[in-house]
Amino acid sequence: MAPNLRRKRQWTKLCFSLVAAVLCCYAGVFTLRRSGYIARAGLDEPIQSASLRFSRNTGGTGRYLVREAGQVWPKPQHQVSTVEVFVLNRDTFNFNYAPGSQRCEILDLAFERYTEIIFSIDEATTSRKCDADSTCLTVLEVSVKEPCKGASLHLESKEKYGLVVTREGVKLKADSVWGALRGLETFSQLIYRGEHGLYTLNRTDITDFPRFPHRGVLLDTSRHFVPVKYILQNLDAMAFNKFNVFHWHIVDDPSFPYESVAFPELSKKGAFHPDTHVYTQKDVRTILEYARLRGIRVVPEFDTPGHTLSWGHAKPDLLKTCYTMSGKYRGALNPVHEATYQFMGKLLQEVKDVFPDQLVHLGGDEVNFACWKNDAEITQFMEKQGYDYYAKLQTYYIQRIIKIVESLGKESAVWEDVAAKGQEGSVPKDTVIQVWRPRNWAQKMAQVTRHGLRTILSGCWYLDLISYGEDWPSYYRCDPHAFNGTKAQKDLVLGGEACLWGEFVDWTNLLPRLWPRASAIAERLWSSEDTTDMEDAAVRLGEHRCRMVRRGIPAQPLHPSACPFLPV
């Protein structure tokens, strides 16, 4: 081959190699940009990202470190912040009541709790005194209008607050103690470690309130028993995210862990273990009070007539028997025996006495009609009533149970199965319908509200369903108002719930499975409807996840990154 031709081919090959290398680098940077990461190897400077920073101060090879910036989650309705910076010191900072403010134990305990939350991090380095160049804030002054002694949260409770951080101090104003609690949580999130590791926050003016009054998390404690310790820890996480309803799906087919006063044999024979895997009355009181002090309602669920196999260990006569070619087994509660309603009346009376919330969840979902279909007694009853399909018999049962709840002065929540198409008018107008099926949930929301029924959404928020990678954006994009309906219909939407069912969840993975995925739902239920910027949300959620980890909540990672601290 001629030397000139050989050199020409070598130059061509080299050019192609250089072009390929450039394209590979571009592709790599493009991929990292899409994920929010941009590397600058060898440079000791921040990367151009609001959520991450890159540093080699300690000789590292380049890691993506989540930046502390005091960004609030869920995002407040209205917030204005400036670059003016103030500093806090534990020895000089205090929570006080404003002149004329209501005072109560809820706030006294909250002051102690948030003192520890704010100042318990890296005490050795961040307890330094303010220097001459710093403005050191010394007081947060709280003003509450409504009496708060012995108060309990309810659906109509006010959670609005105003928070102002200026050179003169911090002022938090709220009509109710619940608004004050939300404001204290926001204040704690505004604080970040600034220069020299000092507790730092910026001048800020916030007016905030929730978009929806019902913002819940459902835990299933039947399929796997969850010790009280982890329920309390989850209540802390809920408060950090401004959730206000703990929907306690306390019993189901696998076990009956609730230790009933009226029927103690239910847990003795129906729990996984009658001594260790039960919630005693003392346990329940502990959970109720822990939740109340954090502004969280506890809504108990005793799901019937289906999901009751564990009841049959102690009360076999409550359940209908199914006969098949392979033998017989127990099915749903017997809806035609008066003894069933007498039993339920006594149990619901106890539920009313134990759980103070106005709402009782009665379940009513996924009833297996097989046992009812081959039972002569039920067939005869249906013929007498003129029922031509078994959903009507289910409605008959639920109507009677709702009447029992009404007689006790409570209101009922049920799963959407009870308001099946054509049956929406079979429940009272004050019944709350929980929409749970993921397919066509928007149509179901429209259908239920069209009949004047209040509703809460869970259909797009089943957190027991997992997928590889970042799945929080799908939860973040789901909106309870995203259905075709009038303003009057949408006013009937109380909010929604993140649901964590327990088939594959127990105390070992409950908190990582929930958080920070549930945080995406928290912002959708709290923040304004136009809070939809995914890039901004990703930045704030990354910081909030690290914040929860710092506070002892083992929230799982969102993506490859590092929190700016190590566990102790």
Side-chain angles (χ1 to χ4, degrees), residues 153 155 212-226 228 230-239 241-255 257-258 279 284 287-288 290-291 294 296-304 306-307 351 355 357-366 412-418 432-438 441 444-445 454-466 475 478 480 493-507 509-522 524-526:
L153 190 76
L155 187 64
F212 293 102
H214 186 115
R215 308 179 306 280
V217 172
L218 176 149
L219 292 188
D220 167 14
T221 59
S222 170
R223 291 172 175 85
H224 283 98
F225 182 79
V226 179
V228 172
Y230 298 96
I231 293 178
L232 300 184
Q233 199 173 2
N234 190 61
L235 289 170
D236 282 330
M238 290 174 62
N241 290 270
K242 296 188 175 75
F243 278 108
N244 67 350
V245 177
F246 170 32
H247 178 167
W248 193 357
H249 189 88
I250 193 167
V251 300
D252 207 298
D253 283 335
S255 72
Y258 171 74
Y279 301 107
V284 173
I287 291 168
L288 289 171
Y290 200 90
R294 287 152 182 77
I296 298 172
R297 300 161 50 202
V298 179
V299 175
E301 180 181 355
F302 289 81
D303 193 357
T304 65
H307 293 278
V351 171
F355 295 91
D357 198 76
Q358 183 65 17
L359 199 61
V360 177
H361 206 296
L362 300 177
D365 64 315
E366 297 182 316
S412 301
V414 292
W415 297 105
E416 67 176 73
D417 310 47
V418 175
V432 177
I433 308 298
Q434 186 162 2
V435 173
W436 68 272
R437 286 187 170 87
W441 64 259
K444 189 65 179 182
M445 296 283 283
R454 297 179 298 169
T455 184
I456 54 180
L457 175 65
S458 292
C460 49
W461 291 328
Y462 267 38
L463 299 188
D464 53 298
L465 304 177
I466 58 175
Y475 306 131
C478 182
V493 179
L494 301 180
E497 290 183 356
C499 296
L500 189 65
W501 298 99
E503 285 87 349
F504 304 100
V505 176
D506 68 359
W507 61 271
N509 63 342
L510 182 148
L511 293 168
R513 183 70 60 86
L514 260 179
W515 309 103
R517 297 158 80 227
S519 300
I521 301 165
R524 182 54 52 235
L525 293 172
W526 178 280

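The first residue of the sequence shown is numbered 1, and numbering continues consecutively from there. Everything numeric here is computed off the predicted structure, so don't read it as measured data.
A donor-acceptor pair under 3.5 Å is formed between the side chain of R215 and the backbone N or O of K242. In this structure a side-chain-to-backbone donor-acceptor pair under 3.5 Å is missing from H307 to D252. Formation of a donor-acceptor pair under 3.5 Å by the N241 side chain with backbone atoms of S519 is not found in this model. Checking side-chain atoms of R517 against main-chain N and O of L463 turns up a donor-acceptor pair under 3.5 Å. Under the 3.5 Å distance criterion, the side-chain polar atoms of T455 are left unmatched by any main-chain donor or acceptor of V493. Proximity of a side-chain donor or acceptor of N244 to a complementary backbone N or O of P213 within less than 3.5 Å is detected.
Ring centers of W248 and Y279: under 6.0 Å apart, within the cut-off.
Around atom CH2 of W501, more than 12 heavy atoms belonging to other residues, nucleotides or ligands sit under 6.0 Å away.
Between W441 and C478, the shortest heavy-atom contact is CZ2-SG, 3.6 Å. Nearest approach of S222 to V251, heavy atoms of both residues: CB-C, 3.6 Å. Across all their heavy atoms, H224 and G502 have their closest contact at ND1-O, 2.6 Å.
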- request: Could you walk me through whether D417 and R437 pass side-chain contact (heavy atoms from CB on, under 4.5 Å), step by step?
  value: CA-CA 9 Å; D417 310 47; R437 286 187 170 87; 3.2 Å; yes
message: Assess the residue pair W415 and E301 against the criterion (side chain to side chain donor-acceptor pair (under 3.5 Å)); give the C-alpha distance rounded to whole Å, side-chain angles, the decisive distance to 0.1 Å, and a yes or no.
response: CA-CA 11 Å; W415 297 105; E301 180 181 355; 2.7 Å; yes
message: What verdict does the side-chain contact (heavy atoms from CB on, under 4.5 Å) test give for V228 and I287, after you've listed the backbone C-alpha separation in whole Å, the side-chain angles of each residue and the deciding distance to 0.1 Å?
response: CA-CA 7 Å; V228 172; I287 291 168; 4.1 Å; yes
query: Going through the checks in order, is the side-chain contact (heavy atoms from CB on, under 4.5 Å) test met by L511 and Q233?
result: CA-CA 8 Å; L511 293 168; Q233 199 173 2; 3.4 Å; yes
- request: Kindly determine whether F355 and V360 satisfy side-chain contact (heavy atoms from CB on, under 4.5 Å), including the steps that lead there.
  value: CA-CA 9 Å; F355 295 91; V360 177; over 6 Å; no
query: Given D464 and R513, is the salt bridge (charged side-chain N to carboxylate O under 4.0 Å, His left out) satisfied, shown in steps?
result: CA-CA 7 Å; D464 53 298; R513 183 70 60 86; over 6 Å; no
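At a threshold of 4.5 Å between non-hydrogen side-chain atoms, the residues L510 and Y230 do not count as touching. In this structure, Y290 and I296 have side chains that are not in contact, with every pair of non-hydrogen atoms separated by 4.5 Å or more. Residues L525 and F243 meet the side-chain proximity criterion, which asks for heavy atoms closer than 4.5 Å. In this structure, the side chains of F246 and R294 stay at 4.5 Å or more apart for every pair of heavy atoms. Between P300 and I250 the shortest side-chain heavy-atom distance does not fall below 4.5 Å. Residues P480 and F212 meet the side-chain proximity criterion, which asks for heavy atoms closer than 4.5 Å. Here the side chains of R297 and L155 are in contact, with some heavy-atom distance below 4.5 Å.
We find the CG-NE2 distance between L359 and H214 to be 7.0 Å, quoted to the nearest 0.5 Å. Note that CD of E416 and CG of D365 are 9.0 Å apart. Values are rounded to the nearest 0.5 Å. A distance of 10.0 Å separates CG in L457 from CD in E497, rounded to the nearest 0.5 Å. Expressed to the nearest 0.5 Å, how far OH of Y258 lies from OG1 of T221 amounts to 12.0 Å. Annotation: the span from H247 atom NE2 to S458 atom OG amounts to 8.0 Å, rounded to 0.5 Å. Interatomic distance, CZ of F225 versus CG of D506, reported as 11.5 Å (0.5 Å rounding).
No side-chain donor from either of D220 and H249 sits under 3.5 Å from a side-chain acceptor of the other. When only modelled atom types and interatomic distance are considered, R524 and Y475 share no side-chain donor-acceptor pair under 3.5 Å.
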